[in-house]
Amino acid sequence: MRWFSLALALVAPSQAALRFGCSTISIQRLDPLVEPGHIPSAHVHQIVGGNAFNATMSSGQNNNIAETATCTSCFFSEDFSNYWTAVMYFKARNGTYKRVPIVANSQLEGSTDGMTIYYTQKDFNSNGNAKITAFPPGFRMTVGSPATTSKSGVVKGLSYTCLQTINTRGSETQEFPTKACPAGIMAIHHFPACWDGKNLDSPDHQSHMYSTTKTGTFVEAGPCPASHPVRMPQLAYETIWDTTKFNDKSQWPADGSQPFVWSMGDRTGYATHGDYVFGWKGDSLQRAMDSSCMFQACGNGKPLLSQNAAAINKCKIKPTVNEDTEGWLTELPSAM
Ligand SMILES: *[C@@H]1O[C@H](CO)[C@@H](O)[C@H](O)[C@H]1NC(C)=O
Ligand SMILES: *[C@@H]1O[C@H](CO)[C@@H](O)[C@H](O)[C@H]1NC(C)=O
(Lines give C-alpha, C1' and ligand atoms only; values in the text may rest on other atoms or scores of the structure.)
(Ligands and ions follow the chains in the order given, each with its own letter.)
Protein backbone atom coordinates (compact mmCIF):
# COMPACT_ATOMS: atom_id res chain seq x y z
CA MET A 1 0.00 0.00 0.00
CA ARG A 2 2.83 2.32 0.79
CA TRP A 3 4.14 2.63 -2.76
CA PHE A 4 0.57 3.14 -3.90
CA SER A 5 -0.10 6.20 -1.76
CA LEU A 6 3.29 7.60 -2.67
CA ALA A 7 2.43 7.18 -6.35
CA LEU A 8 -0.89 8.91 -5.76
CA ALA A 9 0.85 11.78 -4.08
CA LEU A 10 3.14 12.11 -7.07
CA VAL A 11 0.39 12.09 -9.66
CA ALA A 12 -1.92 14.37 -7.72
CA PRO A 13 0.20 17.15 -6.26
CA SER A 14 -1.60 20.22 -5.02
CA GLN A 15 -0.63 22.85 -7.52
CA ALA A 16 -3.65 25.08 -7.53
CA ALA A 17 -3.28 28.61 -8.79
CA LEU A 18 -6.12 31.10 -8.68
CA ARG A 19 -6.26 33.98 -11.14
CA PHE A 20 -9.48 35.94 -11.28
CA GLY A 21 -11.03 39.32 -11.88
CA CYS A 22 -12.75 41.56 -9.36
CA SER A 23 -14.57 44.77 -10.31
CA THR A 24 -14.24 48.00 -8.35
CA ILE A 25 -16.65 48.37 -5.41
CA SER A 26 -15.58 51.93 -4.62
CA ILE A 27 -13.05 54.67 -5.32
CA GLN A 28 -12.71 56.95 -2.32
CA ARG A 29 -10.48 58.13 0.50
CA LEU A 30 -10.81 55.34 3.02
CA ASP A 31 -8.10 53.12 4.48
CA PRO A 32 -9.41 50.89 7.29
CA LEU A 33 -6.05 49.15 7.65
CA VAL A 34 -3.53 51.97 7.90
CA GLU A 35 -5.87 54.78 8.98
CA PRO A 36 -8.89 53.14 10.64
CA GLY A 37 -11.71 55.56 11.36
CA HIS A 38 -10.21 58.40 9.33
CA ILE A 39 -12.93 59.91 7.13
CA PRO A 40 -11.35 60.82 4.81
CA SER A 41 -8.00 59.01 4.76
CA ALA A 42 -4.88 60.66 3.35
CA HIS A 43 -5.22 59.57 -0.27
CA VAL A 44 -7.65 58.03 -2.74
CA HIS A 45 -7.87 54.23 -3.12
CA GLN A 46 -9.52 51.85 -5.57
CA ILE A 47 -11.08 48.94 -3.72
CA VAL A 48 -12.37 45.55 -4.89
CA GLY A 49 -13.94 42.57 -3.09
CA GLY A 50 -16.63 42.23 -0.43
CA ASN A 51 -19.07 44.92 0.64
CA ALA A 52 -18.09 44.79 4.33
CA PHE A 53 -15.37 47.32 3.46
CA ASN A 54 -15.75 50.36 5.71
CA ALA A 55 -13.77 53.19 7.33
CA THR A 56 -13.25 50.92 10.33
CA MET A 57 -12.75 47.16 10.08
CA SER A 58 -11.37 46.01 13.41
CA SER A 59 -8.96 43.11 13.31
CA GLY A 60 -9.32 39.86 15.16
CA GLN A 61 -11.26 36.71 14.54
CA ASN A 62 -14.47 38.25 15.85
CA ASN A 63 -14.63 40.52 12.84
CA ASN A 64 -14.99 37.96 10.11
CA ILE A 65 -15.94 39.89 6.99
CA ALA A 66 -16.75 36.60 5.28
CA GLU A 67 -19.77 36.50 7.60
CA THR A 68 -20.77 40.18 7.51
CA ALA A 69 -20.40 40.90 3.78
CA THR A 70 -23.46 40.15 1.63
CA CYS A 71 -21.88 40.40 -1.83
CA THR A 72 -18.49 40.42 -3.49
CA SER A 73 -17.22 41.92 -6.73
CA CYS A 74 -14.84 38.97 -7.26
CA PHE A 75 -15.32 35.95 -9.52
CA PHE A 76 -15.20 33.45 -6.65
CA SER A 77 -18.37 34.09 -4.68
CA GLU A 78 -16.90 32.76 -1.40
CA ASP A 79 -14.22 35.45 -1.47
CA PHE A 80 -15.30 38.50 0.56
CA SER A 81 -11.73 39.74 1.02
CA ASN A 82 -10.85 43.35 0.31
CA TYR A 83 -7.99 44.32 -1.96
CA TRP A 84 -6.98 47.93 -2.56
CA THR A 85 -4.26 50.20 -3.95
CA ALA A 86 -3.74 53.90 -4.50
CA VAL A 87 -5.15 55.36 -7.71
CA MET A 88 -3.19 56.92 -10.54
CA TYR A 89 -3.72 60.45 -11.83
CA PHE A 90 -2.51 62.18 -14.98
CA LYS A 91 -1.08 65.64 -14.38
CA ALA A 92 -1.60 67.78 -17.45
CA ARG A 93 0.84 70.50 -18.48
CA ASN A 94 -1.62 73.12 -17.18
CA GLY A 95 -1.27 71.59 -13.72
CA THR A 96 -4.67 69.94 -13.40
CA TYR A 97 -5.22 66.28 -12.58
CA LYS A 98 -7.48 63.62 -14.04
CA ARG A 99 -7.86 60.12 -12.64
CA VAL A 100 -6.55 57.43 -14.99
CA PRO A 101 -9.25 54.86 -15.82
CA ILE A 102 -8.66 51.18 -15.05
CA VAL A 103 -9.00 48.33 -17.55
CA ALA A 104 -11.09 45.49 -16.13
CA ASN A 105 -9.96 41.86 -16.22
CA SER A 106 -10.89 40.65 -19.72
CA GLN A 107 -13.07 37.87 -18.33
CA LEU A 108 -15.34 40.33 -16.52
CA GLU A 109 -17.85 41.25 -19.20
CA GLY A 110 -19.49 44.60 -18.70
CA SER A 111 -17.08 45.67 -15.99
CA THR A 112 -15.36 48.99 -16.50
CA ASP A 113 -12.64 48.69 -13.90
CA GLY A 114 -11.12 46.46 -11.22
CA MET A 115 -8.11 44.24 -10.61
CA THR A 116 -6.82 40.78 -11.40
CA ILE A 117 -5.98 38.81 -8.26
CA TYR A 118 -3.68 35.80 -7.93
CA TYR A 119 -3.26 33.24 -5.18
CA THR A 120 -0.52 30.88 -6.31
CA GLN A 121 1.66 28.30 -4.63
CA LYS A 122 5.43 28.61 -4.41
CA ASP A 123 5.38 29.28 -8.11
CA PHE A 124 3.08 28.34 -10.96
CA ASN A 125 4.42 24.80 -11.30
CA SER A 126 4.88 23.45 -7.83
CA ASN A 127 4.33 23.97 -4.15
CA GLY A 128 7.94 23.05 -3.46
CA ASN A 129 6.62 20.15 -1.39
CA ALA A 130 5.51 22.69 1.17
CA LYS A 131 1.99 22.82 2.48
CA ILE A 132 0.36 26.12 1.58
CA THR A 133 -1.65 27.36 4.54
CA ALA A 134 -4.58 29.68 3.82
CA PHE A 135 -4.78 33.00 5.68
CA PRO A 136 -6.89 32.80 8.88
CA PRO A 137 -10.00 34.96 9.57
CA GLY A 138 -9.00 38.46 10.69
CA PHE A 139 -5.71 38.34 8.78
CA ARG A 140 -4.49 41.50 7.04
CA MET A 141 -1.27 42.93 5.63
CA THR A 142 0.19 45.64 3.45
CA VAL A 143 3.08 45.65 1.00
CA GLY A 144 5.16 48.69 0.08
CA SER A 145 4.82 52.13 1.63
CA PRO A 146 3.48 55.51 0.51
CA ALA A 147 6.60 56.98 2.18
CA THR A 148 9.12 55.25 -0.11
CA THR A 149 11.13 57.83 -2.04
CA SER A 150 14.05 55.85 -3.49
CA LYS A 151 14.48 52.94 -5.82
CA SER A 152 16.49 51.03 -3.21
CA GLY A 153 13.55 51.37 -0.83
CA VAL A 154 11.15 49.55 -3.15
CA VAL A 155 10.51 46.05 -1.82
CA LYS A 156 10.80 43.10 -4.19
CA GLY A 157 7.59 42.20 -5.94
CA LEU A 158 6.39 45.75 -6.61
CA SER A 159 6.80 46.88 -10.20
CA TYR A 160 5.35 48.31 -13.39
CA THR A 161 5.12 46.97 -16.91
CA CYS A 162 4.84 49.39 -19.82
CA LEU A 163 2.25 47.55 -21.90
CA GLN A 164 3.06 47.35 -25.60
CA THR A 165 -0.11 45.27 -25.96
CA ILE A 166 -2.63 44.31 -23.29
CA ASN A 167 -0.82 40.95 -22.99
CA THR A 168 2.71 42.26 -22.45
CA ARG A 169 4.44 40.67 -19.46
CA GLY A 170 7.98 40.98 -18.12
CA SER A 171 10.21 44.06 -18.57
CA GLU A 172 9.31 45.21 -15.08
CA THR A 173 10.59 48.47 -13.62
CA GLN A 174 10.53 49.86 -10.07
CA GLU A 175 9.68 53.33 -11.35
CA PHE A 176 6.88 54.60 -13.56
CA PRO A 177 7.66 53.97 -17.25
CA THR A 178 9.36 57.06 -18.68
CA LYS A 179 7.90 56.76 -22.19
CA ALA A 180 4.32 56.65 -23.41
CA CYS A 181 2.98 53.07 -23.16
CA PRO A 182 0.85 52.00 -26.16
CA ALA A 183 -1.56 49.83 -24.14
CA GLY A 184 -1.33 51.32 -20.64
CA ILE A 185 0.69 50.73 -17.46
CA MET A 186 0.30 47.60 -15.37
CA ALA A 187 1.00 48.07 -11.66
CA ILE A 188 2.03 44.80 -9.98
CA HIS A 189 1.88 44.05 -6.26
CA HIS A 190 3.29 40.75 -4.97
CA PHE A 191 2.74 40.32 -1.23
CA PRO A 192 5.07 38.45 1.13
CA ALA A 193 4.06 34.79 1.60
CA CYS A 194 5.83 33.65 4.81
CA TRP A 195 3.89 34.13 8.06
CA ASP A 196 5.08 34.13 11.68
CA GLY A 197 2.24 31.70 12.41
CA LYS A 198 0.93 33.83 15.29
CA ASN A 199 -0.13 37.38 14.46
CA LEU A 200 -3.12 38.28 12.31
CA ASP A 201 -1.64 41.78 11.93
CA SER A 202 1.27 43.81 13.29
CA PRO A 203 1.67 47.51 14.13
CA ASP A 204 3.30 48.23 10.75
CA HIS A 205 0.99 45.67 9.05
CA GLN A 206 4.12 44.00 7.62
CA SER A 207 6.43 42.50 10.23
CA HIS A 208 4.20 39.44 10.80
CA MET A 209 5.09 38.53 7.21
CA TYR A 210 8.36 37.89 5.38
CA SER A 211 8.99 37.94 1.66
CA THR A 212 11.17 35.52 -0.22
CA THR A 213 10.03 37.02 -3.51
CA LYS A 214 12.95 37.53 -5.85
CA THR A 215 11.19 39.36 -8.64
CA GLY A 216 7.61 40.08 -9.59
CA THR A 217 7.43 36.98 -11.74
CA PHE A 218 5.91 34.40 -9.38
CA VAL A 219 9.28 32.78 -8.67
CA GLU A 220 10.18 32.32 -5.03
CA ALA A 221 13.74 32.79 -3.83
CA GLY A 222 13.79 30.05 -1.21
CA PRO A 223 12.20 28.49 1.83
CA CYS A 224 10.51 30.51 4.55
CA PRO A 225 12.85 31.46 7.44
CA ALA A 226 12.48 30.08 10.98
CA SER A 227 11.07 33.41 12.18
CA HIS A 228 8.25 33.18 9.61
CA PRO A 229 7.95 29.46 8.96
CA VAL A 230 4.42 29.16 7.55
CA ARG A 231 4.14 29.39 3.77
CA MET A 232 0.92 31.03 2.69
CA PRO A 233 -0.51 31.60 -0.77
CA GLN A 234 1.47 33.99 -2.97
CA LEU A 235 -1.02 36.84 -3.22
CA ALA A 236 -0.56 39.26 -6.12
CA TYR A 237 -2.53 42.11 -7.69
CA GLU A 238 -2.35 43.36 -11.25
CA THR A 239 -4.02 46.67 -12.09
CA ILE A 240 -4.00 47.92 -15.65
CA TRP A 241 -4.13 51.71 -15.80
CA ASP A 242 -5.45 52.94 -19.13
CA THR A 243 -2.95 55.73 -19.66
CA THR A 244 -3.47 55.62 -23.44
CA LYS A 245 -5.80 58.60 -23.58
CA PHE A 246 -3.04 60.68 -21.97
CA ASN A 247 -0.29 59.80 -24.43
CA ASP A 248 -0.37 63.19 -26.20
CA LYS A 249 3.14 64.51 -25.52
CA SER A 250 2.01 68.13 -25.88
CA GLN A 251 0.20 67.63 -22.55
CA TRP A 252 3.22 66.06 -20.80
CA PRO A 253 5.55 68.20 -18.67
CA ALA A 254 7.62 70.57 -20.82
CA ASP A 255 10.85 68.88 -19.64
CA GLY A 256 9.67 65.59 -21.18
CA SER A 257 9.29 63.77 -17.86
CA GLN A 258 6.42 61.33 -17.48
CA PRO A 259 3.09 62.79 -16.28
CA PHE A 260 1.59 60.09 -14.05
CA VAL A 261 1.32 60.43 -10.30
CA TRP A 262 -0.06 58.24 -7.51
CA SER A 263 -2.91 59.68 -5.45
CA MET A 264 -0.48 60.40 -2.59
CA GLY A 265 1.50 62.71 -4.86
CA ASP A 266 4.34 60.36 -5.81
CA ARG A 267 5.69 60.98 -9.32
CA THR A 268 8.48 58.39 -9.18
CA GLY A 269 6.35 55.30 -8.66
CA TYR A 270 8.47 54.15 -5.69
CA ALA A 271 5.64 54.79 -3.21
CA THR A 272 3.43 52.08 -4.75
CA HIS A 273 1.71 49.93 -2.11
CA GLY A 274 -1.15 47.51 -1.66
CA ASP A 275 -3.49 46.49 1.16
CA TYR A 276 -5.21 43.20 1.91
CA VAL A 277 -7.88 42.07 4.37
CA PHE A 278 -8.61 38.33 4.20
CA GLY A 279 -12.26 37.33 3.89
CA TRP A 280 -12.73 33.90 2.29
CA LYS A 281 -15.68 31.95 3.68
CA GLY A 282 -14.92 28.94 5.86
CA ASP A 283 -12.14 26.75 4.53
CA SER A 284 -12.77 27.64 0.87
CA LEU A 285 -9.33 29.11 0.19
CA GLN A 286 -7.62 26.17 1.90
CA ARG A 287 -9.64 23.71 -0.17
CA ALA A 288 -8.63 25.54 -3.32
CA MET A 289 -4.94 25.59 -2.39
CA ASP A 290 -5.07 21.85 -1.57
CA SER A 291 -6.46 21.04 -5.00
CA SER A 292 -4.77 21.17 -8.38
CA CYS A 293 -7.22 23.37 -10.27
CA MET A 294 -5.98 26.29 -12.35
CA PHE A 295 -7.32 29.83 -12.59
CA GLN A 296 -11.05 30.24 -13.28
CA ALA A 297 -11.42 26.47 -13.77
CA CYS A 298 -11.36 26.37 -9.95
CA GLY A 299 -14.93 27.76 -10.11
CA ASN A 300 -18.31 26.15 -10.72
CA GLY A 301 -17.89 24.11 -7.56
CA LYS A 302 -14.54 22.58 -8.61
CA PRO A 303 -13.84 23.22 -5.76
CA LEU A 304 -14.90 26.88 -5.40
CA LEU A 305 -18.25 28.53 -5.98
CA SER A 306 -18.23 31.29 -8.57
CA GLN A 307 -20.65 33.88 -9.94
CA ASN A 308 -21.45 35.54 -13.24
CA ALA A 309 -20.35 38.98 -14.41
CA ALA A 310 -23.74 40.58 -13.70
CA ALA A 311 -23.56 39.58 -10.02
CA ILE A 312 -19.93 40.69 -9.83
CA ASN A 313 -20.64 44.12 -11.28
CA LYS A 314 -23.69 44.65 -9.10
CA CYS A 315 -21.71 44.56 -5.85
CA LYS A 316 -20.86 48.17 -4.86
CA ILE A 317 -20.70 50.17 -1.66
CA LYS A 318 -22.08 53.63 -1.04
CA PRO A 319 -19.27 56.15 -0.67
CA THR A 320 -18.63 57.35 2.87
CA VAL A 321 -16.50 60.24 1.65
CA ASN A 322 -18.33 62.50 -0.78
CA GLU A 323 -15.84 64.43 -2.87
CA ASP A 324 -14.93 64.64 -6.54
CA THR A 325 -12.15 62.22 -7.41
CA GLU A 326 -12.99 62.05 -11.11
CA GLY A 327 -13.22 65.50 -12.75
CA TRP A 328 -10.29 67.72 -13.80
CA LEU A 329 -8.98 68.60 -10.35
CA THR A 330 -6.81 71.56 -9.45
CA GLU A 331 -5.20 69.48 -6.71
CA LEU A 332 -5.10 65.86 -5.58
CA PRO A 333 -7.68 65.01 -2.90
CA SER A 334 -5.57 64.73 0.22
CA ALA A 335 -5.78 65.35 3.93
CA MET A 336 -3.37 68.20 4.58
C1 LIG B 1 -19.94 51.36 8.10
O2 LIG B 1 -19.83 51.79 9.40
C3 LIG B 1 -20.89 52.64 9.82
C4 LIG B 1 -20.60 53.07 11.24
O5 LIG B 1 -19.30 53.49 11.38
C6 LIG B 1 -22.21 51.93 9.70
O7 LIG B 1 -23.24 52.80 10.02
C8 LIG B 1 -22.38 51.40 8.30
O9 LIG B 1 -23.54 50.62 8.21
C10 LIG B 1 -21.20 50.58 7.89
N11 LIG B 1 -21.35 50.19 6.51
C12 LIG B 1 -21.30 48.93 6.13
C13 LIG B 1 -21.41 48.71 4.64
O14 LIG B 1 -21.11 48.01 6.89
C1 LIG C 1 -6.01 71.44 -18.50
O2 LIG C 1 -5.64 70.57 -19.52
C3 LIG C 1 -6.55 69.50 -19.79
C4 LIG C 1 -5.92 68.59 -20.81
O5 LIG C 1 -5.63 69.26 -21.98
C6 LIG C 1 -7.88 70.09 -20.21
O7 LIG C 1 -8.82 69.05 -20.49
C8 LIG C 1 -8.40 70.95 -19.09
O9 LIG C 1 -9.63 71.54 -19.47
C10 LIG C 1 -7.39 72.03 -18.76
N11 LIG C 1 -7.84 72.76 -17.58
C12 LIG C 1 -7.71 74.07 -17.46
C13 LIG C 1 -8.24 74.67 -16.19
O14 LIG C 1 -7.20 74.76 -18.31
Side-chain angles (χ1 to χ4, degrees), residues 18-41 45-85 102 104-105 107-108 110-119 134-142 189 191 200-201 205 232-233 235-237 239 274-289 296 298-301 303-321:
L18 305 179
R19 177 188 192 276
F20 57 97
C22 301
S23 69
T24 301
I25 55 163
S26 188
I27 291 180
Q28 59 174 325
R29 274 203 286 152
L30 286 184
D31 192 341
L33 221 175
V34 177
E35 298 176 90
H38 287 219
I39 303 173
S41 67
H45 289 118
Q46 53 112 3
I47 305 124
V48 306
N51 67 343
F53 183 86
N54 209 335
T56 300
M57 297 169 77
S58 58
S59 71
Q61 289 179 322
N62 293 333
N63 183 36
N64 187 349
I65 56 173
E67 303 300 329
T68 51
T70 56
C71 70
T72 171
S73 70
C74 293
F75 175 74
F76 294 112
S77 53
E78 293 159 288
D79 179 15
F80 299 95
S81 306
N82 285 117
Y83 311 87
W84 67 95
T85 77
I102 305 170
N105 177 285
Q107 280 154 319
L108 287 189
S111 181
T112 50
D113 44 28
M115 280 195 261
T116 298
I117 305 293
Y118 293 80
Y119 289 81
F135 306 102
F139 181 88
R140 62 266 313 274
M141 63 178 159
T142 66
H189 297 90
F191 284 74
L200 299 174
D201 196 0
H205 312 292
M232 301 184 109
L235 176 67
Y237 305 169
T239 315
D275 297 69
Y276 174 64
V277 174
F278 170 83
W280 286 77
K281 219 173 180 71
D283 66 348
S284 52
L285 180 60
Q286 187 67 60
R287 276 188 288 113
M289 297 316 294
Q296 300 207 165
C298 299
N300 282 322
L304 295 172
L305 302 178
S306 49
Q307 57 182 351
N308 64 25
I312 290 169
N313 294 329
K314 211 168 68 188
C315 188
K316 303 281 175 208
I317 59 167
K318 283 208 193 79
T320 303
V321 179

> Is there side-chain contact between L18 and L285, with heavy atoms separated by less than 4.5 Å?
Replying inline: yes
>> I want to check something: taking the side chain as every heavy atom from C-beta on, are I27 and H45 in contact at a cut-off of under 4.5 Å?
In response: no
> Side-chain contact, heavy-atom cut-off 4.5 Å: F135 with M141?
Replying inline: yes
> With no hydrogens and no angle check, is any side-chain donor or acceptor of Q307 less than 3.5 Å from a backbone partner on C74?
Replying inline: yes
> Side chains of D113 and T24: is there a donor and an acceptor less than 3.5 Å apart?
Replying inline: yes
>> Quick check on K316: does its NZ atom have over 12 non-hydrogen neighbours (other residues, nucleotides or ligands) under 6.0 Å away?
In response: yes
> Distance-only, no hydrogens or angles: does the D31 side chain make a donor-acceptor pair with backbone N or O of V34 under 3.5 Å?
Replying inline: yes
> Residues two or more places apart in sequence or in another chain: which of them pass salt bridge (charged side-chain N to carboxylate O under 4.0 Å, His left out) with E78?
Replying inline: R287
> For residues T116 and N105, is any side-chain donor paired with an opposing acceptor at under 3.5 Å?
Replying inline: yes
> Is Q296 close to Q107 at the side-chain level, that is, under 4.5 Å between some pair of heavy atoms?
Replying inline: yes
> Any sub-3.5 Å donor-acceptor pair from S284's side-chain atoms to K281's backbone N or O?
Replying inline: yes
> Has the side chain of N51 got a donor or acceptor atom that lies under 3.5 Å from a matching backbone atom of T70?
Replying inline: yes
> What are the two closest heavy atoms between A52 and M57, and how far apart are they?
Replying inline: O-CE, 3.8 Å
>> On a heavy-atom basis, which atom in L30 and which in S41 lie closest, and how many Å separate them?
In response: N-OG, 3.2 Å
>> Quick check on the 6.0 Å ring-centre criterion: do W84 and Y276 meet it?
In response: no
> Looking at the rings of W280 and F139, which for Trp means the six-membered one, are their centres under 6.0 Å apart?
Replying inline: no
>> Would you say that V277 contacts P32 through its side chain, given a criterion of any heavy-atom pair below 4.5 Å between the two side chains?
In response: no
> Partners of S306 by side-chain contact (heavy atoms from CB on, under 4.5 Å), sequence neighbours excluded?
Replying inline: F75, F76, N300
> With sequence neighbours left out, what residues match P319 under side-chain contact (heavy atoms from CB on, under 4.5 Å)?
Replying inline: Q28, N322
>> Can you confirm whether or not the ring centre of Y237 sits under 6.0 Å from the ring centre of F191?
In response: yes
> S81 side chain to F278 main-chain N or O, any donor-acceptor pair under 3.5 Å?
Replying inline: no
>> With no hydrogens and no angle check, just 3.5 Å: does a side-chain donor-acceptor pair link T56 and N54?
In response: no
